[in-house]
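These notes concern the structure reproduced below.
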Amino acid sequence: MTSAAARAPVSAGLRLAAAVAAVAVAYHLSLQTLATNWRYETPLADLVLVPPLAAMLLVAASRRHRYVTRLRLGRLDLLVGGFLIVAALAFLTIGPAHWSKYFWAMRLDLLTLPLFAAGGVVLLFGTRALLPLLFPLAFLFLAWPLPYLALLEHILDAFTQATAATVEHVNEIVGIATTLPGSEGSRYLVAHGSSQFVVSVASACSGVNSLVGFAVVGVAALWFIRGSVLRRVAWLVFGGVLVWALNVVRILAVLLVGRRLGQHAAFDILHPVAGVIALNLAFLIALRLLPRFKLRRRHHDDDDEIIDTPLARTAPVAEQATALRLAPRLVLLVAAATALALADSQLQGVANGFDGTGRPTVAAFADRPLVGRGWRIRPIQEIGWATPYYGRHSSWVRYRLRPQAQFARRGSFTVWADAILSPDLGALNAFALAHCYSFHGFHVETSEHVDLGNGVIGELFVYRTSTARWHTLAWEWPVLRDGNVQHERIVLLASSVTRPALRPQASSGSVTARALAFLDADAQERDANPNLSHALARLGSDMIAARIAHRVRA
């Protein structure tokens, strides 16, 4: 590279490509899970569109505000960009150790993605570039599944019923198929010649999938539309209603094709593409109707570059993003992306037992009490007095675990297992084990976090009562029961003087180990029988692995 080239400003395109590549490397696992959902007809499958749309918006914003290419790079950028990147890295490193499985259940990894992206933009463009590039960076928050899941949990059933009722009403008028008695418009008998087949209008047919896709693309499209905010929001809402209406037409079209051409034509030919066709048609119609909302598409000549404000003040060439000034920042960005990639890759264990959106696929222990190889389990008591604490829909069952005869050996011990299930996570947090032991005046000798593998972080306690010393291991995680997400606390208790043989224990990775060491810096560690604690943790690891291996369909 010549001296002149090294001192020439680097183009915005190259810097954006470096920032996008850094994000792709740092969050390779998180982005891969979004892409995995694309294969299935899940309501959040279209969230995979958010990252590429955000990259496209970054390019558009850099062209609209061309001054971002000529901004000054200074020490403040290192401070602000470094803070954003360190915050993302710390959250991605400490979070799984602190929140255990709930880190993935809430998909907090995707919540840190905009922070890292913003840090990369600051390093490569300068702090002042945050404002003109704010919309594309904030758009990345749309990839966070938790708000969608919370909303769908409350509206999906009602939305499906509304779609089914509309289809039933239209079908009664046009007479395409026969509604099955008692199905409330959710099942239809379609006759084709001498054959008949049943079509179900389930939640996947409600139109929610298409609405999420339209919302993602529609919000991105707002960046390219000129007009008042209220009119743009009204246009977006109208587009959503249009998507839903065309989804009803899609269902009726499947019924009609099934009646005219048969089941193969309806489900093997039309059904796989009908949703995509309806969504694209709705978007094209919405674009054509922009003038009705007094909106218009933004053209290249409409670029609103601001050149007379301190925000857009260009710097001398020597202070702009030359190759020489960018080189150390690129090294910093590559190092940060590598560290984040390592932390993100270890989320694979945390993701076990969930689908890509963070919905659990592990059955409640009360429904499927698996404990792993070598143990016999038997329910011995259902505890009802705790219902006022954990909610009227909660349950608490106590089990006894004993080694099977062929696995009984010197150092064998009996374990009591409490399985507490509640729809209210706040109730479990309000009555934690540490609070319980403190309330009863037990003397706690050991209190520390334990890595149980598969991303589960448990709490190990050793405490003394007036009559015995107890070793306790507990963990909490979301589980699935009757199709609904509930929250489960498993508590393993053992009181024994035996010293079981030590066996290798599962691990969630070196990053988690270092995070736990940080969290347990002030932990109490006066364990008189560490072998028993280790054996209890090994049992917990086996139980978790066995239950994840026998997951249920969400």
Side-chain angles (χ1 to χ4, degrees), residues 37 40-46 148-218 234 236-286 289 357 359 482-485 553-554:
N37 289 332
Y40 310 104
E41 291 186 4
T42 65
L44 305 186
D46 289 328
Y148 303 94
L149 290 174
L151 180 63
L152 291 177
E153 186 176 348
H154 292 89
I155 70 168
L156 185 58
D157 288 342
F159 201 87
T160 303
Q161 292 173 8
T163 301
T166 305
V167 171
E168 182 182 24
H169 179 71
V170 176
N171 180 67
E172 288 178 353
I173 298 174
V174 298
I176 300 174
T178 303
T179 306
L180 293 179
S183 67
E184 297 181 349
S186 63
R187 301 183 71 197
Y188 295 89
L189 183 65
V190 180
H192 171 66
S194 59
S195 64
Q196 294 180 328
F197 57 94
V198 176
V199 177
S200 297
V201 181
S203 58
C205 304
S206 64
V208 170
N209 302 27
S210 299
L211 276 176
V212 172
F214 178 81
V216 169
V217 177
L236 193 63
V237 172
F238 166 79
V241 175
L242 183 60
V243 167
W244 177 78
L246 288 180
N247 179 68
V248 172
V249 174
R250 176 186 71 90
I251 297 173
L252 293 168
V254 170
L255 294 177
L256 181 60
V257 170
R259 177 178 176 178
R260 297 293 187 185
L261 303 177
Q263 185 175 1
H264 171 72
F267 286 95
D268 296 335
I269 299 177
L270 177 62
H271 188 268
V273 299
V276 176
I277 294 174
L279 178 58
N280 282 276
L281 181 60
F283 192 73
L284 290 175
I285 294 174
L289 294 178
T357 63
R359 185 174 174 82
D482 298 329
N484 298 315
V485 177
R553 294 189 64 182

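Numbers here simply count residues along the sequence, with the first being 1.
The nearest pair of heavy atoms linking A177 to Y188 is CB-CB, 4.0 Å. Of all non-hydrogen atoms in A282 and V243, the two that sit nearest each other are CB-CG2, 3.6 Å. Residues G275 and S210 share a closest heavy-atom pair of O-OG, 4.5 Å. Between A265 and I269, the shortest heavy-atom contact is O-CB, 3.4 Å. For H192 against R260, the heavy-atom pair with the smallest separation is CE1-O, 3.1 Å.
Going from atom OG1 of T179 over to atom CD of E172 covers 6.0 Å, rounded to the nearest 0.5 Å. A distance of 11.5 Å separates CG of L242 from CG of N247, quoted to the nearest 0.5 Å. A distance of 11.5 Å separates CG of L270 from NE2 of H264, quoted to the nearest 0.5 Å. Distance check, rounded to the nearest 0.5 Å: CD1 of I251 to OG1 of T163 gives 6.0 Å. For the atom pair R359 CZ and L44 CG, the distance stands at 10.5 Å (nearest 0.5 Å). From L152, atom CG reaches atom CZ of F159 across 9.5 Å, with rounding to the nearest 0.5 Å.
In terms of modelled atom types and a separation under 3.5 Å, the side chain of R259 and the main chain of I176 share a donor-acceptor contact. Proximity of a side-chain donor or acceptor of N209 to a complementary backbone N or O of A45 within less than 3.5 Å is not detected. For N280 (side chain) and V276 (main-chain N/O), a donor-acceptor pair under 3.5 Å exists by modelled atom type.
Annotation: side chain of L279 is not in contact with side chain of V217 (no heavy-atom distance under 4.5 Å). Using a 4.5 Å heavy-atom threshold, the side chains of T166 and W244 count as touching. Residues F214 and L236 form a side-chain contact, since some pair of their non-hydrogen atoms from C-beta on lies under 4.5 Å apart.
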